[in-house]
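What follows is one structure encoded as structure tokens, with my remarks underneath.
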Protein chains: 2
Amino acid sequence: METMEPTRKEPSQHEIAARAGVARTTVSLVMRGGAGLKQETIDKVHKAAEELGYRPNLMATMTRSGKSRMVGVMVPPIDSYWARIACGIHDYLTEQKYIPLFLWPSHMFEDLDEHRELDQVHLMLDCRIGGVILWPYFAKMFEKHIHEFSSRSLPVVTVDCSIEQAGVNADSVLGDNRTGAKAVAKHFKELGHKNIIHFAGPDSEDWARDRREAFEEEVDCLTVEVDIRPRLDPIMKTTLEAHPETTAVFAATDVFARDVYRVAAELGRRIPDDLSVVGYSDLDFGEYLNPPLTTVHDNPYNMGKRAASLIVHRMEGNAEDDPTVQLLPVQLLQRGSTKSIV
Amino acid sequence: METMEPTRKEPSQHEIAARAGVARTTVSLVMRGGAGLKQETIDKVHKAAEELGYRPNLMATMTRSGKSRMVGVMVPPIDSYWARIACGIHDYLTEQKYIPLFLWPSHMFEDLDEHRELDQVHLMLDCRIGGVILWPYFAKMFEKHIHEFSSRSLPVVTVDCSIEQAGVNADSVLGDNRTGAKAVAKHFKELGHKNIIHFAGPDSEDWARDRREAFEEEVDCLTVEVDIRPRLDPIMKTTLEAHPETTAVFAATDVFARDVYRVAAELGRRIPDDLSVVGYSDLDFGEYLNPPLTTVHDNPYNMGKRAASLIVHRMEGNAEDDPTVQLLPVQLLQRGSTKSIV
DNA sequence: ATGAAAGCGCTAACAG
DNA sequence: CTGTTAGCGCTTTCAT
């Protein structure tokens, strides 16, 4: 029996044991710290391992111990914001010797069939992840995903949204959207702006609703256009034309703000002289716009790190704690797109 | 013995066997297609599996069979170009039921200590990847990485560069840089440009050298500035001022082109009226520049797919074939930053 | 057509 | 302190 040629033959603890003249078990002990073994034995084993170029087999370790070090990470490569979140997750996890399993719905931007989207979830399950970090922003089947995980009582951490669903208790990490929006409002006030438009995201999304509500608590807007995404340019143009007295625009994301630049140019309104513009998220293109975009930086890298540390905490046995919501501090980045009118 | 509480208790083939009233082995057979089993048995097993919510344990499968379905992928989240490559790799691999293991040097942009960079390589090895896809663009220790893999005779595919190193035979996937650069040259000629500057990348990088050489074969440049990255803006400014007769600039990447826009604005030269500009790579910000940037589209998504298909091919047993270099077609994207001067 | 036996590389209880 | 024993969940050979 045992014939099929394997992909490769790496040295195992068996070979080390033979070479060092100890039992297989002893090698195992040494590899995990070797508490209470004779220094001589430890050295012998390490030497043999070194000579053989030994690398532990994490698959086997995980199988045997029943302890997963795999963390499912479902955050698709959308833009620089995502990239920073992903880096935060990656850096924290690998530092702790956990393994991020980055998987997301394929063909995100095409019309996705549900079948394929669930496949990625199953792939994670089949890799026996011990927890999962989700960025629901995109996921058409978010509820189904969540259920798939929490029904197996896998810990879940969400980034950039909090989740309230029956039977699900997930931790979440968010930028402090309310404070960010208020900082924008305050900034406008200080600059003397009174005629302000807010282009908001869909109210169904936490980040969009929080920003809109907090902003409206601070200032009276001429108008607030909610969920402009389906027909971006036309709505912006119409709205701006309908309110020629507008001196300031708060765009719910930098992506919207970029379009405001374009539309403003078409309408012959100069930024910041005729129109002050503020975005949100500090996406990479913002500082290269002309003028550079004033925006709210909300620390996606740290969001990633925090999300990772939360999931690790759960995986290390604190599964029963109450779910937390972590709000990360934000920071207004004043650049060239806003100007005083007093 | 066997006490430590495992992370979770998923149903195994053992439970299925018990519930379906067959042997453990039979379940295993069914799970891999069940060739030559009675249909009745197959159905019984599937039913039991379904009822238990069974999911196969890939870790165990891989451990036992000695066949890895893990593919190391070392392409860090730099920009939209990378994101498309990553998506291509991800989509192809998951479709084939392979698992991409995205890992990259942490703290890429900080001063990285070698130690941490090798850690990620070791993590891949410890996961018993069966092959690896590398994007060397960033890696300070690229040679060491390659060696770590190829000394274990793991197949390697490089993206966006070809590798020539003793004892290493890696496949590679590249955009057709020479053809791309010539297309730019041809475009300039058709528009009547004769006084052209090329801002090139470092000659040590394949993509940069290929673009520069091919471009210079087609047109006479006023000047070619090589490897401007260390002091981007000053060099551009000086060069542009030293050659006031310049009517066209070919920037080796869109990133350079973006800076050309800024410098041109400072010098009071309007694009495209006074200066035609072409970039390379079709990064996401290009179409939002004012005017939208003419550039060369390179098909990073397909590069990713091809890289993935190459590595799968190797992993499925064609380890001995000669290394291939795959050149992907490119396409000039004419937008608003170039103009005829005849 | 199915099952028994053997074992991948590893861990964890226990004994000596 | 070290080695023995008994597995994790799975595959593969071989016997029935």
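All values reported here derive from a predicted model rather than from experimental measurement. In the text below, chain A, chain B and the rest are named by the order of the sequence lines, each starting its count at 1.
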(message) Here's a test of your reading of the structure: between His14(A) and Thr41(B), which maps to the more 5' nucleotide of DNA chain C?
(response) Thr41(B)
(request) Check every atom of dT2(D), dT12(D), dG9(C) against the side chain of Lys67(B) and return the nucleotide holding the closest atom. (result) dT12(D)
(request) Pull out every residue in residues 47-63 of chain B that has a heavy atom closer than 4.0 Å to any atom of DNA chain D, ordered by number, or say none. (result) Tyr54(B), Pro56(B), Asn57(B), Ala60(B), Thr61(B)
(request) Identify, with sequence neighbours excluded, every residue that meets salt bridge (charged side-chain N to carboxylate O under 4.0 Å, His left out) alongside Arg55(B). (result) Asp126(A)
(message) If you assign Arg128(B) and Ala23(B) each to the DNA chain C nucleotide with the nearest heavy atom, which residue ends up on the more 5' nucleotide?
(response) Ala23(B)
(request) Return the angle between end axes of the helix from dA1(C)-dT16(D) to dG16(C)-dC1(D), with five pairs used per end and rounding to 10°. (result) 40°
(request) Can you tell me which residue pairs pass the salt bridge (Lys or Arg N to Asp or Glu O under 4.0 Å) test with a partner in residues 36-53 of chain A, sequence neighbours excluded? (result) Arg19(A)-Glu51(A), Lys47(A)-Glu51(A)
(request) Tell me whether the OP1 or OP2 atom of dC10(C) has a side-chain N or O from Arg24(A) closer than 4.0 Å. (result) no
(message) So, OP1 or OP2 of dC8(D): does either fall under 4.0 Å of a side-chain N or O from Gln13(B)?
(response) no
(request) Keeping to residues at least two apart or across chains, list the salt bridge (Lys or Arg N to Asp or Glu O under 4.0 Å) pairs with something in residues 20-36 of chain A. (result) none
(message) For a quick check of understanding: with a heavy-atom distance under 4.0 Å over all strands, which category does Ser12(B) fall into, base, sugar-phosphate or nothing?
(response) sugar-phosphate
(request) Identify, with sequence neighbours excluded, every residue that meets side-chain hydrogen bond (donor to acceptor under 3.5 Å, both in side chains) alongside Thr25(A). (result) none
(message) Does Thr25(B) contact dT2(C) through a side-chain donor or acceptor facing the base, at a distance under 3.5 Å?
(response) no
(message) Could you work out, with salt bridge (charged side-chain N to carboxylate O under 4.0 Å, His left out) as the rule, every residue matching Arg84(A), not counting sequence neighbours?
(response) none
(message) Between Thr26(A) and dT2(D), is there a contact of a side-chain N or O with OP1 or OP2 at under 4.0 Å?
(response) no
(message) I'd like to check the salt bridge (charged side-chain N to carboxylate O under 4.0 Å, His left out) partners of Glu148(A); sequence neighbours left out, ordered by chain and number.
(response) Arg152(A)
(message) For the CD1 atom of Ile129(A) and the CE atom of Met74(A), what is their distance to the nearest 0.5 Å?
(response) 9.0 Å
(message) The criterion is side-chain hydrogen bond (donor to acceptor under 3.5 Å, both in side chains); which residues satisfy it with Asn57(B), sequence neighbours excluded?
(response) none
